[in-house]
Colleague: 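Quick one: structure below, then a few questions.
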Protein chains: 2
Amino acid sequence: MAGRKQSSTYTRNEVCIIDCDLTYAVHKLGGRWKLLILDKLCKRKMRFNEIKKEFSYISERMLTLQLRALEEDGLVKRTVFAEVPPRVEYELTEMALELGPILKQLSDWGGKQRSFIKKD
Amino acid sequence: MAGRKQSSTYTRNEVCIIDCDLTYAVHKLGGRWKLLILDKLCKRKMRFNEIKKEFSYISERMLTLQLRALEEDGLVKRTVFAEVPPRVEYELTEMALELGPILKQLSDWGGKQRSFIKKD
DNA sequence: GCCATTAGTTACTTTTTTGTTAGTACCATA
DNA sequence: TATGGTACTAACAAAAAAGTAACTAATGGC
């Protein structure tokens with residue numbers, strides 16, 4: 001996100017893609033781990049290491065990056081407790097909760113598409 | 001899609017991501033231009049160059065790649081007419097049409113999220 | 001024979017995204 | 001004084017996605 005060339009075609013196209021509400025939305029949810037994280041958090045608030053343990057192979061760096069992006073986009077609320085060792089809790093915002101039913105439908109569609117493709 | 005290392009963490013994680021119906025679905029729709037193309041095609045069937053003209057800055061290569069991926073995933077039907085110069089028409093499949101209402105909701109959510117974020 | 005037209009393909013470069021590894025701060029406890 | 005636990009950060013490397021530019025096939029009309 002930081003340190004991009006402002007004039008590349010890549011960036012110019014991104015601007016036009018973000019212009020559309022739909023591609024904007026997918027852009028916001030498109031990180032590799034974001035939806036999986038949201039899925040875990042919709043059950044309950046979790047600490048950093050709890051989330052990490054849900055995904056065998058995610059690196060701490062990636063988890064941090066994805067969580068920060070979700071926070072910046074108003075989908076996740078991050079609460080830091082002034083303790084040692086540190087405790088940080090993550091939970092979904094109202095905005096993210098509204099996404100739930102839509103993602104459920106998308107998930108159903110995914111399952112259907114998958115089995116449809118496999119038939120061939 | 002072709003020629004990937006089979007053993008990288010990237011690929012191993014992808015396997016586990018594709019395992020989930022939701023992330024699978026987003027994976028299928030996640031190409032930069034795919035949703036924009038679907039959006040145009042849901043109005044009417046179109047020829048290659050017609051689609052191209054809808055997007056000022058897409059390259060022929062990218063358009064080809066995205067269309068082929070959509071075709072492979074059963075979202076777009078490609079019809080080649082045996083004429084010279086060639087004529088090729090693209091149209092949505094039933095599977096893609098079912099996606100319409102879901103994408104509409106996602107688009108609405110995107111608009112809402114965008115204005116919510118801008119307020120700060 | 002030569003050109004224009006459509007829908008591509010190929011080889012290559014650029015940019016972004018994801019992953020690896022080692023290290024940090026903090027303080028309570030042994 | 002050393003150790004452990006949590007939630008990170010920084011520098012770097014690997015992989016994928018996107019973009020650029022030049023080229024192709026086929027044939028009807030000139």
Side-chain angles (χ1 to χ4, degrees), chain A residues 1-18 23 26-34 36-37 45-53 55-69 71 76 78-90, chain B residues 1-18 23 26-37 45-69 71 76 78-90:
Chain A
M1 303 294 184
R4 275 193 181 166
K5 289 213 181 158
Q6 289 305 297
S7 57
S8 66
T9 302
Y10 190 95
T11 300
R12 180 157 39 77
N13 282 341
E14 187 169 270
V15 168
C16 100
I17 275 153
I18 283 179
T23 42
V26 172
H27 194 81
K28 292 300 179 192
L29 302 171
R32 176 159 259 208
W33 303 95
K34 284 184 188 173
L36 295 171
I37 293 170
K45 62 173 70 169
M46 293 173 90
R47 297 180 61 173
F48 185 85
N49 269 347
E50 284 183 307
I51 303 174
K52 184 161 151 25
K53 271 169 209 145
F55 308 108
S56 318
Y57 299 117
I58 196 172
S59 65
E60 297 187 342
R61 181 182 124 85
M62 279 313 295
L63 184 53
T64 302
L65 283 177
Q66 304 274 287
L67 283 169
R68 288 297 152 81
E71 190 193 0
V76 156
R78 177 169 175 265
T79 311
V80 183
F81 295 87
E83 303 174 1
V84 168
R87 179 158 63 99
V88 179
E89 281 183 358
Y90 293 92
Chain B
M1 301 293 185
R4 275 190 179 167
K5 286 211 181 160
Q6 291 304 300
S7 56
S8 65
T9 301
Y10 189 95
T11 300
R12 181 156 37 77
N13 282 340
E14 188 170 88
V15 169
C16 101
I17 275 153
I18 283 178
T23 44
V26 171
H27 194 82
K28 291 300 179 192
L29 303 170
R32 176 158 260 208
W33 303 94
K34 284 184 187 172
L35 289 172
L36 295 171
I37 292 170
K45 62 172 72 166
M46 293 172 89
R47 297 180 60 174
F48 185 85
N49 270 347
E50 284 183 307
I51 304 174
K52 183 160 151 27
K53 272 171 208 144
E54 293 284 339
F55 309 109
S56 318
Y57 299 117
I58 197 173
S59 66
E60 295 187 343
R61 183 183 121 85
M62 280 313 296
L63 184 53
T64 301
L65 284 177
Q66 305 275 286
L67 283 170
R68 288 296 152 83
E71 190 193 359
V76 156
R78 178 169 175 265
T79 311
V80 183
F81 294 85
E83 302 174 3
V84 169
R87 181 160 62 102
V88 178
E89 282 184 356
Y90 293 91

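By convention in this document, chain letters (A, B, ...) are assigned in the order of the sequence lines, proteins followed by strands, and residues within each chain are numbered from 1.
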Colleague: Taking the side chain as everything from C-beta on, heavy atoms only, tell me whether Leu63(A) gets closer than 4.5 Å to Phe48(A).
Modeller: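 Sidechains of Phe48(A) and Leu63(A): in contact.
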Colleague: Is the charged tip of Arg32(B) near the ring of Tyr10(A): under 6.0 Å from the six-membered ring centre and within 45° of its axis?
Modeller: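 Cation-pi check for Arg32(B) and Tyr10(A): passes.
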Colleague: Taking the cut-offs as 6.0 angstrom to the six-membered ring centre and 45 degrees off its axis, would you call Arg12(B) and Tyr57(A) a cation-pi pair?
Modeller: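 Yes, Arg12(B) lies over the aromatic ring of Tyr57(A).
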Colleague: As an exercise, state the distance from CH2 of Trp33(A) to OG of Ser59(A), rounded to the nearest 0.5 Å.
Modeller: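 Answer rounded to 0.5 Å: 8.0 Å.
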Colleague: Report which part of the nucleic acid Arg61(A) touches: base, sugar-phosphate, or nothing (heavy-atom distance under 4.0 Å, all strands).
Modeller: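 The answer is base, as Arg61(A) lies within the cut-off (heavy atoms under 4.0 Å) of a base atom.
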Colleague: Measure from CG on Leu63(B) to C1' on dT6(C) and round the result to the nearest Å.
Modeller: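 Atom CG in Leu63(B) sits about 13 Å away from atom C1' in dT6(C).
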Colleague: Can you tell which of dT20(C), dG8(C), dT15(C) lies closest to the side chain of Tyr10(A)?
Modeller: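 Out of dT20(C), dG8(C), dT15(C), the nucleotide with an atom closest to Tyr10(A)'s side chain is dT15(C).
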Colleague: To the nearest Å, how far apart are Tyr57(B) OH and dT15(C) C1'?
Modeller: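 Computing the Tyr57(B):OH to dT15(C):C1' distance gives 19 Å.
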Colleague: Can you tell me if Thr11(A) touches the phosphate of dG19(D), counting only side-chain N or O atoms and a distance under 4.0 Å to OP1 or OP2?
Modeller: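 No, outside the criterion.
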Colleague: Side-chain contact, heavy-atom cut-off 4.5 Å: Ile51(A) with Tyr90(A)?
Modeller: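 The answer is yes, as the side chains (C-beta and beyond) meet within the 4.5 Å cut-off.
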Colleague: CZ of Phe81(A) versus C1' of dG5(D): gap in Å, rounded?
Modeller: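 Spelled out: CZ on Phe81(A) to C1' on dG5(D) is 17 Å.
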Colleague: Measure from the side chain of Arg68(A), starting at C-beta and using heavy atoms only, and say which of dC8(D), dT20(D), dT9(C) lies closest.
Modeller: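 For the Arg68(A) side chain, the nearest candidate turns out to be dC8(D).
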Colleague: When the C1' atoms of the five terminal pairs at each end define the local axes, what inter-axis angle does the helix from dG1(C)-dC30(D) to dA30(C)-dT1(D) show, to 10 degrees?
Modeller: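 The two end axes of the helix from dG1(C)-dC30(D) to dA30(C)-dT1(D) meet at 30°.
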Colleague: Give the rounded distance in Å between these two atoms: CD1 of Ile58(A) and C1' of dC8(D).
Modeller: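 Spelled out: CD1 on Ile58(A) to C1' on dC8(D) is 14 Å.
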Colleague: Let me know the distance between NE2 of His27(A) and P of dA17(D), rounded to the nearest Å.
Modeller: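 Taking atom P of dA17(D) as the reference, NE2 of His27(A) is at 16 Å.
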Colleague: Residues in salt bridge (Lys or Arg N to Asp or Glu O under 4.0 Å) with Arg87(B), at least two apart?
Modeller: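 Checked Arg87(B) against salt bridge (Lys or Arg N to Asp or Glu O under 4.0 Å); matches are Glu83(B), Glu89(B).
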Colleague: Roughly how far, to the nearest 0.5 Å, is the CE atom of Met46(A) from the NZ atom of Lys52(A)?
Modeller: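 Rounded to the nearest 0.5 Å, the NZ-CE separation comes out at 13.0 Å.
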Colleague: Please pick, from dG19(C), dG8(C), dA16(D), the nucleotide with the shortest atom-to-atom distance to any side-chain atom of Thr9(B).
Modeller: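 Taking heavy atoms from C-beta onward, the closest nucleotide is dG19(C).
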Colleague: Base, sugar-phosphate, or nothing for Tyr90(A), non-hydrogen atoms under 4.0 angstrom?
Modeller: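 Sugar-phosphate, backbone atoms only, no base.
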Colleague: Can you tell me how far C1' of dT18(C) sits from CG of Leu65(A), to the nearest Å?
Modeller: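 Leu65(A) atom CG is separated from dT18(C) atom C1' by 9 Å.
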Colleague: Summarise protein proximity over nucleotides 22-30 of chain D in one line of letters, 5' to 3': B for base, S for sugar-phosphate only, - for none, counting protein heavy atoms closer than 4.0 Å.
Modeller: ----BB---
Colleague: Ignoring the backbone of Val88(B), work out which of dT6(D), dG8(C), dT20(C) is nearest its side chain.
Modeller: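 Between dT6(D), dG8(C), dT20(C), the one nearest the side chain of Val88(B) would be dG8(C).
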Colleague: Leu67(B) CG to dT9(C) P: how many Å, rounded?
Modeller: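 The distance from CG of Leu67(B) to P of dT9(C) comes to 11 Å, rounded to the nearest Å.
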Colleague: Mind checking Glu89(A) for me? I need base, sugar-phosphate or nothing, with any heavy atom below 4.0 Å counting as a touch.
Modeller: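 No contact at all - Glu89(A) keeps every heavy atom at 4.0 Å or more from the nucleic acid.
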Colleague: For the residue pair Lys45(A) and Glu50(A), what are the closest heavy atoms and their distance?
Modeller: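 Closest pair (atom of Lys45(A), atom of Glu50(A), distance): O-OE1, 4.4 Å.
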Colleague: Using a cut-off of strictly less than 4.0 Å, decide whether Arg12(A) has a side-chain nitrogen or oxygen near OP1 or OP2 of dG19(D).
Modeller: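 The answer is no; no side-chain N or O of Arg12(A) sits under 4.0 Å from OP1 or OP2.
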Colleague: How long is the line joining CE of Met62(A) and C1' of dA15(D), in whole Å?
Modeller: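 Interatomic distance, CE of Met62(A) to C1' of dA15(D): 13 Å.
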Colleague: To check you understand the geometry: which heavy-atom pair defines the closest contact between Leu35(B) and Leu29(B), and what is its length?
Modeller: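 For Leu35(B) and Leu29(B), the tightest heavy-atom pair comes out as CG-O, 3.8 Å.
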Colleague: Hey, does the side chain of Gln66(A) come within less than 4.0 Å of dT17(C)'s phosphate (OP1/OP2), counting only N and O?
Modeller: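 So the side chain of Gln66(A) is outside the cut-off, no N or O lying under 4.0 Å from OP1 or OP2 of dT17(C).
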Colleague: So, OP1 or OP2 of dG5(D): does either fall under 4.0 Å of a side-chain N or O from Asn49(A)?
Modeller: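 Checking Asn49(A) against dG5(D): no side-chain N or O falls below 4.0 Å of OP1 or OP2.
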